[in-house]
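Okay, structure first, notes after.
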There are 2 protein chains.
Amino acid sequence: MRKIGIKDVAKRAKVSIATVSRVLNNSAPVSPELKRRVIEAIEELGYNPNTLAQGLRKGITKTVGFIIPDITNPFFPELVKGVEDYLRRKGYALILCNSDQEVEEETRLLKVLTAKKIDGLIFIGSGSYNKEIENLKEVKIVFLDRVYEKAKGYYVVADNERGMKELLEYLIDTGHRSFALLNGNEETFSAKERYKGFKDAMDKHGIKDYTVIFGSFTYESGSKMVRKLRKLPDAIVCGNDLIAFGVIDTLHSMGFSVPNDVSVTGFDDIPFSQHFKPPLTTVRQPAYELGRHAARTLIEALNGKRKRKKGVILPTELIIRESTKRR
Amino acid sequence: MRKIGIKDVAKRAKVSIATVSRVLNNSAPVSPELKRRVIEAIEELGYNPNTLAQGLRKGITKTVGFIIPDITNPFFPELVKGVEDYLRRKGYALILCNSDQEVEEETRLLKVLTAKKIDGLIFIGSGSYNKEIENLKEVKIVFLDRVYEKAKGYYVVADNERGMKELLEYLIDTGHRSFALLNGNEETFSAKERYKGFKDAMDKHGIKDYTVIFGSFTYESGSKMVRKLRKLPDAIVCGNDLIAFGVIDTLHSMGFSVPNDVSVTGFDDIPFSQHFKPPLTTVRQPAYELGRHAARTLIEALNGKRKRKKGVILPTELIIRESTKRR
DNA sequence: TTGTATGCGTTATCAG
DNA sequence: CTGATAACGCATACAA
């Protein structure tokens with residue numbers, strides 16, 4: 001009798017398994033006496049219900065999947081914490097997965113999670129559109145940070161476009177007149193939105209002297225993209241903080257000074273950005289809140305509430321530090 | 001008929017569910033004709049086996065749990081990648097969990113994972129000993145990075161003690177004569193081992209001028225611990241890179257220069273350490289390899305192999321950069 | 001080579 | 001209030 005099940009508990013407590021199940025789920029009244037015996041037996045045996053069986057029987061598993069694209073990018077762990085904290089309070093289990101920016105891996109994960117019968121999914125796409133997402137008929141989806149506009153589902157994002165626009169207003173205000181946008185993966189929602197904000201600002205102020213490069217949201221990509229620049233603009237606007245780090249480091253290794261020769265900005269405000277040398281001017285995304293809202297949205301959807309708005313957009317905050325200066 | 005099961009496939013292919021199961025698992029010969037029909041039906045219906053039912057029936061789930069203590073510490077994501085890559089190749093699913101350094105949360109996760117009937121567990125403890133681990137009779141365990149000496153199970157670690165000793169040999173060689181060890185959580189295996197290496201070196205060289213402080217493995221803790229120092233030693237040896245970052249930043253804010261006024265070292269060599277200002281002298285742990293070995297050890301244990309050695313110890317590497325200098 | 005029937009651990013339905 | 005028992009989706013022993 002290696003693994004103990006509900007029937008072991010029933011035997012020990014001298015009741016039927018039905019009664020055990022009832023005290024376990026509080027699903028029907030049980031006399032104090034029997035309840036006591038059952039609880040005692042559970043304690044003594046160290047019984048832990050088999051969620052596989054529960055899930056099979058009930059059709060719900062009280063677990064949600066969460067796919068992030070790059071566990072290595074310090075922005076995502078903050079999101080994870082927000083999700084975790086909310087889910088824990090609600091009694092949901094979390095299966096965290098890392099797609100490592102690979103669409104194939106993402107597809108595999110989607111299949112695995114489906115087979116595990118998760119109730120809901122919080123999804124941050126790895127990049128290009130993954131149509132596998134459309135097959136997920138039985139699970140509620142919340143798109144976080146990176147929206148799939150074509151797919152249906154809830155979404156939670158920061159106001160990327162507006163955040164970027166504010167950043168550029170500040171840059172233009174402080175005398176910057178030529179720009180380069182070194183962005184992340186072009187197919188990505190966040191890259192697109194940030195580009196939009198950038199472009200809008202350029203147009204609004206009639207600035208023609210700018211270039212745009214798309215790469216990926218990594219340090220290495222930043223390093224690579226900055227080398228492609230023909231000439232140094234007044235400001236290099238990066239798609240995220242990681243890119244900015246790569247840009248600044250290679251700029252330094254090329255003998256340039258930031259911000260004296262050129263201003264550089266990031267996006268996200270990951271924990272490290274304030275400690276970078278120079279401390280990074282960036283647009284703060286409320287990562288923890290984003291995660292928290294995503295979890296909340298999902299749970300509410302799962303409970304049949306929230307028919308009103310399909311999504312929430314959180315404001316960003318301009319963080320001015322020392323990687324930029326007035327020209 | 002919302003969700004499709006094996007019987008839908010059977011009906012579509014005009015065979016019995018047993019036959020479907022057979023082609024699914026290759027568990028018995030099936031005539032080419034029927035096999036074709038089944039495969040066709042599976043494709044057309046987009047059938048995906050319910051792993052809950054499979055797990056319930058077979059007693060194994062082909063999934064392993066992985067608990068890490070701090071998803072926010074860039075050292076762990078590297079481990080995760082090593083684990084992921086190996087597991088994927090072996091057809092195992094991974095449930096990644098973050099205990100956030102909380103023993104209670106860790107206990108909760110252990111229960112959840114047990115209830116989900118994982119086959120094996122890769123475990124990095126949050127700190128103090130969690131006796132819940134002893135209840136896990138049915139799952140194989142690999143202790144990664146932080147060993148529970150009392151508990152039985154396999155382990156995979158880097159040679160912390162020796163790594164620390166080598167670091168101190170280098171420091172002493174380069175003229176450092178007084179030290180402070182600003183370490184992580186005292187109950188933690190890695191902190192203990194690193195302390196041992198440190199102490200050994202002190203004793204061996206007859207050095208009396210040193211102090212030791214335990215805190216936790218975070219930036220903030222580093223910042224806090226360095227403020228407790230009465231006087232600046234020749235070298236501040238930190239329990240990990242994050243602590244070193246905190247130490248260096250506060251030292252700077254206090255008007256000291258690193259390494260001119262004091263040498264500072266880390267441990268781990270997280271990706272960021274080479275880009276820190278100044279680039280950090282540290283002891284590299286082969287994070288990806290550590291994760292990979294842990295996964296391999298677990299899978300082999302699961303397959304009944306590996307009775308030989310109970311653990312593997314990987315070597316560290318001394319990385320000399322610019323946060324230290326000869327005195 | 002194929003099909004039928006049983007059971008994995010739970011919950012829910014139905015009598016009592 | 002309590003206890004049998006069917007059913008969840010699948011793999012397998014047993015029959016054919």
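Chain identifiers are assigned alphabetically (A, B, ...) following the order of the sequence lines, protein sequences preceding nucleic acid strands; residue numbering begins at 1 within each chain.
Across the protein-nucleic acid pair, B/Lys58 atom NZ and D/dC8 atom P stand 21 Å apart, rounded to whole Å. Rounded to an integer number of Å, the gap from CD1 of B/Ile17 to C1' of C/dT2 is 13 Å. Rounded to an integer number of Å, the gap from A/Asn25 CG to C/dT10 P is 11 Å. Spacing between atom CD1 of B/Ile60 and atom P of D/dC10 amounts to 16 Å, rounded to whole angstrom units. Nucleotide D/dA11 holds its P atom 6 Å from the OH atom of B/Tyr47, rounded to whole Å. Counting to the nearest Å, the C1' atom of C/dT10 and the NZ atom of A/Lys117 are 17 Å from each other. At whole-Å resolution of the value, CD1 in A/Ile4 and P in C/dG9 are 11 Å apart. The interatomic distance linking B/Lys116 (NZ) with C/dG9 (C1') rounds to 15 Å, in whole Å.
Within the 4.0 Å cut-off from OP1 or OP2 of D/dA11, at least one side-chain nitrogen or oxygen of B/Gln54 is found. Remark: B/Thr19 is not in phosphate contact with C/dT1, judged by side-chain N or O atoms under 4.0 Å from OP1 or OP2. Not one side-chain nitrogen or oxygen of A/Asn50 sits closer than 4.0 Å to the OP1 or OP2 atom of C/dT10.
Among D/dT2, C/dA12, D/dT12, the nucleotide with an atom closest to any side-chain atom of A/Arg22 is D/dT2. Among C/dT10, C/dA12, D/dC1, the nucleotide with an atom closest to any side-chain atom of A/Pro29 is D/dC1. Considering only side-chain atoms of A/Ser16, the nucleotide from C/dT10, D/dG3, D/dT12 that sits closest is D/dG3. Checked against D/dA13, D/dC10, D/dT2, the side chain of A/Leu34 finds its nearest nucleotide in D/dT2. Taking only side-chain atoms of B/Val30, from C-beta outward, the nucleotide of C/dT2, D/dC10, D/dG9 with the closest atom is C/dT2.
Crowding of A/Glu132 atom CD: a count of heavy atoms from other residues, nucleotides or ligands under 6.0 Å exceeding 12.
Contact annotation for B/Ser31: backbone-only contact, meaning every heavy-atom pair under 4.0 Å involves sugar-phosphate atoms and none involves a base. Within 4.0 Å (heavy atoms only), B/Val20 reaches no atom of the nucleic acid at all.
Within 3.5 Å, no donor on the side chain of B/Arg57 pairs with an acceptor on the base of C/dG9, nor the reverse.
In this structure, B/Lys81 pairs ionically with A/Asp100, as a charged nitrogen and a carboxylate oxygen lie closer than 4.0 Å. For A/Arg36 and A/Glu33, the salt-bridge test passes: some basic side-chain N is under 4.0 Å from an acidic carboxylate O.
The one candidate from A/Leu144, A/Val142, A/Ile313, A/Thr297 that meets the side chain to side chain contact (heavy atoms under 4.5 Å, CB included) condition with A/Tyr155 is A/Ile313.
Heavy-atom distances to DNA chain C give each of B/Val15 and A/Ser21 a nearest nucleotide, and the one nearer the 5′ end belongs to B/Val15. Annotation: of the two residues near DNA chain C, B/Leu56 and B/Lys14, the 5′-most nearest-nucleotide partner is B/Lys14.
Closest approach of A/Pro69 and A/Gly125 over heavy atoms only: CB-O, 3.8 Å.
The aromatic rings of B/Tyr148 and B/Tyr129 lie tilted to each other, with the angle between the two planes from 30° to 60°.
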